[in-house]
*Asks:* 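My questions all concern the structure below.
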Amino acid sequence: MEWKIKYHPLAEEELSKLDGSVRKIVLKGIIKVSANPKSQSEGGYGKPLGNKSNNNLSGLLKIKYRDIGIRVVYKLVEDEETHEMYILVISARADNEVYNLAGKRK
């Protein structure tokens with residue numbers, strides 16, 4: 001099953017603001033995860049989120065880029081016709097900013 005990648009408009013902006021080499025790494029990771037974006041407990045690549053910084057992020061998943069300090073938060077939109085990996089936030093992990101933004105955009 002192929003998952004279509006869609007971006008929240010602000011996440012698209014965040015991606016475009018990244019340095020070229022960092023953007024390449026992030027896009028490569030998103031494409032890799034899109035092959036199986038479900039949670040690790042379901043055999044996928046996604047890391048499930050729960051409560052982070054007083055934000056209930058249940059149902060959201062993340063991709064962690066340890067070497068560059070970036071987090072990508074996404075949700076899966078799934079029904080009979082649609083299989084989308086919807087990217088909500090692409091941001092630095094600093095001070096849990098990425099999780100605060102995800103809570104607002106959820």
Side-chain angles (χ1 to χ4, degrees):
M1 164 187 351
E2 189 173 315
W3 291 80
K4 186 173 183 177
I5 302 168
K6 287 204 165 184
Y7 294 86
H8 186 284
L10 295 174
E12 233 172 346
E13 263 181 55
E14 292 159 352
L15 181 62
S16 70
K17 289 179 182 176
L18 293 175
D19 177 64
S21 60
V22 172
R23 187 180 318 121
K24 238 183 210 180
I25 294 167
V26 170
L27 285 172
K28 188 176 179 181
I30 289 172
I31 290 166
K32 176 185 174 185
V33 170
S34 73
N36 191 355
K38 293 193 175 196
S39 74
Q40 291 175 334
S41 64
E42 297 176 73
Y45 290 111
K47 294 178 176 60
L49 294 170
N51 288 319
K52 297 273 187 188
S53 301
N54 296 323
N55 289 305
N56 181 2
L57 303 178
S58 298
L60 300 182
L61 299 133
K62 73 177 174 184
I63 305 169
K64 231 165 71 166
Y65 299 88
R66 279 183 292 201
D67 295 343
I68 56 176
I70 299 286
R71 300 288 185 271
V72 173
V73 177
Y74 65 95
K75 69 179 178 178
L76 299 178
V77 180
E78 198 175 9
D79 61 32
E80 289 178 17
E81 301 160 15
T82 307
H83 297 292
E84 291 178 354
M85 180 180 168
Y86 189 65
I87 310 293
L88 291 168
V89 182
I90 300 171
S91 181
R93 186 181 174 272
D95 296 328
N96 290 317
E97 176 186 350
V98 67
Y99 301 124
N100 292 331
L101 290 171
K104 291 176 186 171
R105 295 180 193 171
K106 184 178 174 186

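This is a predicted model, so every value here is computed, not measured.
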*Asks:* With a 4.5 Å cut-off on side-chain heavy atoms, are Val33 and Val72 touching?
*Replies:*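 Answer no - side chains too far apart.
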
*Asks:* Compare every heavy atom of Pro37 with every heavy atom of Ser34, then report the nearest pair and how far apart it is.
*Replies:*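 Closest heavy-atom pair between Ser34 and Pro37: O-CD, 3.5 Å.
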
*Asks:* If you measure from CE on Met85 to CH2 on Trp3, what distance do you get to the nearest 0.5 Å?
*Replies:*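 So the gap between those two atoms works out to 9.5 Å.
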
*Asks:* If I take atom CD from residue Glu97 and atom CZ from residue Arg71, how far apart are they, to the nearest 0.5 angstrom?
*Replies:*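 Atom-to-atom, Glu97:CD and Arg71:CZ are 12.5 Å apart.
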
*Asks:* Would you find a donor on one side and an acceptor on the other, under 3.5 Å apart, between the side chain of Arg23 and the backbone of Leu18?
*Replies:*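 Side chain of Arg23 to backbone of Leu18, a donor-acceptor pair under 3.5 Å: yes, one is there.
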
*Asks:* Look up atom OG in Ser91 and atom NZ in Lys17, then write down how far apart they are to the nearest 0.5 Å.
*Replies:*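 It is 10.5 Å, given to the nearest 0.5 Å.
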
*Asks:* Please report, to 0.1 Å, the donor-acceptor pairs under 3.5 Å made by any side chain of residues 59-68, with sequence neighbours excluded.
*Replies:*
from  : atom 1 : to    : atom 2 : distance (Å)
Lys62 : NZ     : Tyr99 : OH     : 3.4
Tyr65 : OH     : Val26 : O      : 2.8
Tyr65 : OH     : Ile30 : N      : 3.4

*Asks:* On a heavy-atom basis, which atom in Ser21 and which in Asp19 lie closest, and how many Å separate them?
*Replies:*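 Nearest heavy atoms, Ser21 then Asp19: OG-OD2, 2.8 Å.
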
*Asks:* So, for Lys106 and Ser58, which heavy atoms are closest and what is the spacing to 0.1 Å?
*Replies:*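 In terms of heavy atoms, the two residues are closest at NZ-O, 3.1 Å.
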
*Asks:* Rounded to the nearest 0.5 Å, what's the gap from NZ on Lys75 to OH on Tyr86? Could you check?
*Replies:*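 Those atoms lie 7.0 Å apart.
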
*Asks:* Can I get a per-line list of side-chain donor-acceptor pairs under 3.5 Å for residues 8-16, giving both atom names and the distance, sequence neighbours left out?
*Replies:*
from  : atom 1 : to     : atom 2 : distance (Å)
His8  : ND1    : Leu10  : N      : 3.1
Glu14 : OE1    : Ile90  : N      : 2.8
Glu14 : OE1    : Arg105 : NH1    : 3.3
Glu14 : OE2    : Arg105 : NH1    : 3.1
Glu14 : OE2    : Arg105 : NH2    : 2.7
Ser16 : OG     : Glu13  : O      : 2.8

*Asks:* Minimum heavy-atom separation for Val73 and Ala102, please, with both atom names.
*Replies:*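 Closest heavy-atom pair between Val73 and Ala102: CG1-CB, 3.8 Å.
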
*Asks:* For the CD atom of Glu78 and the CD atom of Glu84, what is their distance to the nearest 0.5 Å?
*Replies:*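 So the gap between those two atoms works out to 11.0 Å.
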
*Asks:* Could you check whether any side-chain heavy atom of Asp79 comes within less than 4.5 Å of a side-chain heavy atom of Thr82, counting everything from C-beta outward?
*Replies:*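 Sidechains of Thr82 and Asp79: in contact.
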
*Asks:* Do the non-hydrogen side-chain atoms of Tyr45 and Lys38 ever get within less than 4.5 Å of each other?
*Replies:*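 The answer is no, as the side chains (C-beta and beyond) never meet within the 4.5 Å cut-off.
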
*Asks:* Would you indicate whether the side-chain heavy atoms of Tyr74 and Ile87 approach each other to under 4.5 Å?
*Replies:*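 Ile87 vs Tyr74: side chains touch.
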
*Asks:* Can you find a heavy atom in the side chain of Lys4 that is under 4.5 Å from one in the side chain of His83?
*Replies:*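 Of all side-chain heavy-atom pairs linking His83 with Lys4, none is under 4.5 Å.
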
